[in-house]
Structures are given as C-alpha cells and as structure tokens.
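Notes follow the structure.
Just the heavy atoms: all of them, side chains too, but no hydrogens, waters or symmetry mates, feed the values below. None of these values were measured; they are calculated from a predicted model. For ligands, and for the atoms within them, numbers begin at 1 and follow the listed sequence.
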Amino acid sequence: MSKNTYLYTIVFFSALGGLLFGYDTGVISGAILFIRKDFDLSSALIELVVSGVLFGAVLGAIVAGVLSDRFGRKKLLLVTALVFTLATLGSAMTNDAGWLIVARVCIGIALGISSMTVPMYIAEISPPHMRGRLVSVNQLFVTVGILVSYIVDLSFAASGDWRWMIGLGAIPAAVFGLGMLFLPESPRWLMKMGRMERAKKILCSITSETEAMKEIADMQKTPPKVKRTPWLRRMFIVGIGLAIFQQITGINTIIYYSPIIFELAGFKTATSAVLATGIVGVVNFAFTIVALWLLDKSGRRKLLLIGLAGMILSLVALGFAFMPDQVSTVVGWLTLVSLMVFVASFAISLGPIFWLLVAEIYPLAIRGKAISVATITNWGANLIVALTFLTLIDVLKPTGTFWLYGGLSIIAWFFSYFLVPETKDKTLEQIELEHLQRT
Ligand code: BGC
C-alpha cells in the first residue's frame, strides 16, 4: 500500500465516526412518528427521546478531553465504537420507552466523544498541506450520514418500522470499531507521552522521511506545559464563539425540521416536503465537497467569511419569503432556493471550519481539554436551538425567527473577521510556536 493510500484508509475509517454523527442525529426525525405511536408517548417523552442524543453528547464531550489526553485517541475511539454499536442495537430492540431514552443518551455520549476526537485525531496524523481537506472528510461523512438517514427513513416509512431505521446504524458503528482496531495511534499524542520511536515510525509510514523528521523536530520544540497568554485566551474565545455561532445561526432547524418548514411554506403533501428535505441533504453534501477542494487552497478565513455572507443573505431572503399572509407558489420557491443557498453557504464555511479550526488552534499539551470545551458548547447550543425553534416560530413567526438567525450571523461575520486566525499550510507545531512568539 502506498503512503497516500494508507493515509486515506486511516481517514476513511476514522471518519465513519462522522457518518454516525450524521446518521444518529438525522434518523430520529422520521423514526419518532412511529415510535410515538408504538409507545403511546406524551409530548414530554417525545422531546426526551429526540433530544436525549444531544443531552448525551454534552456529557460525552465533557469526558472526552480528559480521556483522550490520558488514554490516547485510538483507544478512546475503539471504546466509543463499541458503545455506539451496543447502544444502537439496544435502542432498536427495546420495548420500553425508559430504556429507549437511556440507550439514546448512551448513543449521544458516544457521539459527543467521537465528534471531537475524530477531527483531532485526523488533524494530528495529517501532513499540513492537506490537513484542511482530510479533517473535513469527517464533516463530509456527517452530511453523508444525514443523507443516508433520510433515505432509510423514507424506505421504511411505508411499513413504519422504526426499529430498522434506528438499528441499521449498528452496521457503520461495527465497521468503525473494526477499522479502528487496525489504525495507528496519533503520533502527536505518542510524542506527548514520550514515545518518540513509535511516533516516528507512524509518521514515516504516512509521509516522507524528511517531512517526518521535520515534524518531529518541531514537536520537540513545543513546551510540555502551556503558559496562559492573551493569545491563548483569544483562541479559547474563537473556539467557544465559533461553537455557539455554528448552532445559533440555525443550521439544525433546517436539518431537523425542514419538512415542517416546507409545510409552512405551502408544500402541501408530505411527499413533496420530504423530497425538498432530500434536496437540502444533497446540497449539504455537494457543497461540503466544494469546501474540501477549497480549504487548503484559499484558506479557512476567506471561505468562512464568504460562507457567512451567504448565510446572512439567504436568511434575510427566507424571512421575506414568509412575510405574505398567504402561501403561494412564489413563497414555496423562494423558501426552497433560500434554504438551498443557506445550507450551501454553511457547508463551505461554519460546517467544516468550526471542527477544523478547533482541531488546529490549541497547543498539544492542552489540546484534548480545549477542544472538549468548544465541543461541549457546540452540543449545548445545539440542544438549546432544537428545544426553542418551534416556540420561536410561534412567538416571532417564521419571518422574525429567520431574521433573528440572520442578525446572529452578522455578529458571527464580524467575530470571524476580527478574531479567527489563518492556519493553512502550517504544521500544528508552527501554529503553536507562533502563539508563543506573539505574546
Ligand atoms: C454540525 C451539526 C450539523 C451538521 C450539518 C455539523 O458541523 O456540528 O450540528 O447537523 O454540521 O451538516
């Protein structure tokens, strides 16, 4: 196997964690209709089944930083894959609503852990000139997972078999675990633990010997303890800020609720609403590929600012689409087009770039814990948006709600313009050493 093929194999199997992220968050929108009937659930219990995963993910992100720094990225991902598989099978087989919620929370814990550990692992193993692309394969797999979950939901909708909808997630979970068995540990984590020979061997199996030696030399220069500098404080603000903005600009209202939005916009049959939802999924996937292609060429900052500008414009348009009292064909089309532009803009910017930047900007000595803080914030914000969206639609109406997200996107644009650094083409150590020089 050539070095590049080996590298792509590593990225493919670890990014299956991203596929589970997309699948497990996406599949519930279709499955819940039938779960509700089978278990005769109250609204409160429905909310628990749906948001149990998000709640669990916050818990998972809390422990992931400490665990990944202590036991290594690989071992943690292995255990996570096992939890994914067992909890998915459990949730598909249980006959009790309480156990279903417990199993969903466990899936969430696994998600919270893998959502941060996978990008960090890929960033730590990638050569600098292709790191943007490789880390973002994880985000690409998130979009694949969402798309596959829509297709699976649609295929089982006629029979109403929610157990299959949820249970099929066990297959990628098992493959993820089997794959992780054979993948190497992160060379950067090994260096941190003082296992230089092993780290060198792994780097040499992925990249040229000269490149590997250069990276090792840089790694040796990074300090084992981190000073609290203003720059580091700024990077914490960047990670936490982007985590919040990625969610409160509204992406998951579209991902989780788009059939409802399309119904509001006058798509009368359930099939047309579901079809429109499918289109949103495809756009998300297609534009993430565009991001993969551009991230290492144009850099992170430029794409982030362009994408955020597209999100602002499309949210304003979406607000206008819902202004007339009567729905019409024009309203329907304006909604569809604005939603597509919104999702495309997210897919080239905040979608991949949040996860990429947080994997890049923190010093090795505190990387796990620092990414964990950003990830907890991200899942927490996700939970808040999911729980408030329908109430916001009631209180502010769709126009007010989308303009609110638009206003928050404007703040996100200025935040990114003034605070987000460019990390393209630098090794993780150069990024870290530059931090030190700046203080
Ligand atoms: C976000 C998720 C979102 C997904 C959509 C991810 O980067 O963290 O919350 O559902 O993108 O593609």
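In terms of protein heavy-atom proximity, atom 11 (O) of ligand 1 is closest to Q139 NE2, 3.1 Å. Distance from atom 8 (O) of ligand 1 to its nearest protein heavy atom, with residue and atom name: Q246 OE1, 2.9 Å. Scanning the protein for heavy atoms near atom 3 (C) of ligand 1, the closest one is N252 OD1, 3.4 Å.
Taken to the nearest 0.5 Å, the CG atom of L16 stands 11.0 Å off from the CG atom of L77.
A ring-centre distance under 6.0 Å is not found for F245 and W413.
We find that R73 and E185 are not joined by a salt bridge, their nearest charged nitrogen and carboxylate oxygen being 4.0 Å or further apart.
The shortest heavy-atom contact between L203 and M219 is CD1-CE, 3.6 Å. Minimum heavy-atom separation, G310 to V341: O-CG1, 4.3 Å.
Looking at W355 against ligand 1, only its side chain comes within 4.0 Å, counting heavy atoms.
Between F346 and ligand 1 there is a heavy-atom distance shorter than 4.0 Å. Residue N382 places a heavy atom less than 4.0 Å from ligand 1. For Y256, the closest heavy-atom approach to ligand 1 does not fall below 4.0 Å. The shell of residues lying under 4.0 angstrom from ligand 1, judged by heavy atoms, includes I146.
Summarising the contacts of atom 12 (O) of ligand 1 with N284, L140, T25, the nearest heavy atom is found in N284.
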Can you give the donor-acceptor pairs under 3.5 Å from side chains of residues 365-372 to other protein atoms, not counting sequence neighbours?
unit_1	atom_1	unit_2	atom_2	d
R367	NE	Y362	O	3.2
R367	NH1	E124	OE2	2.7
R367	NH2	Y362	O	3.4
S372	OG	A61	O	2.6

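Not a single salt bridge (Lys or Arg N to Asp or Glu O under 4.0 Å) links K424 to another residue, sequence neighbours left out.
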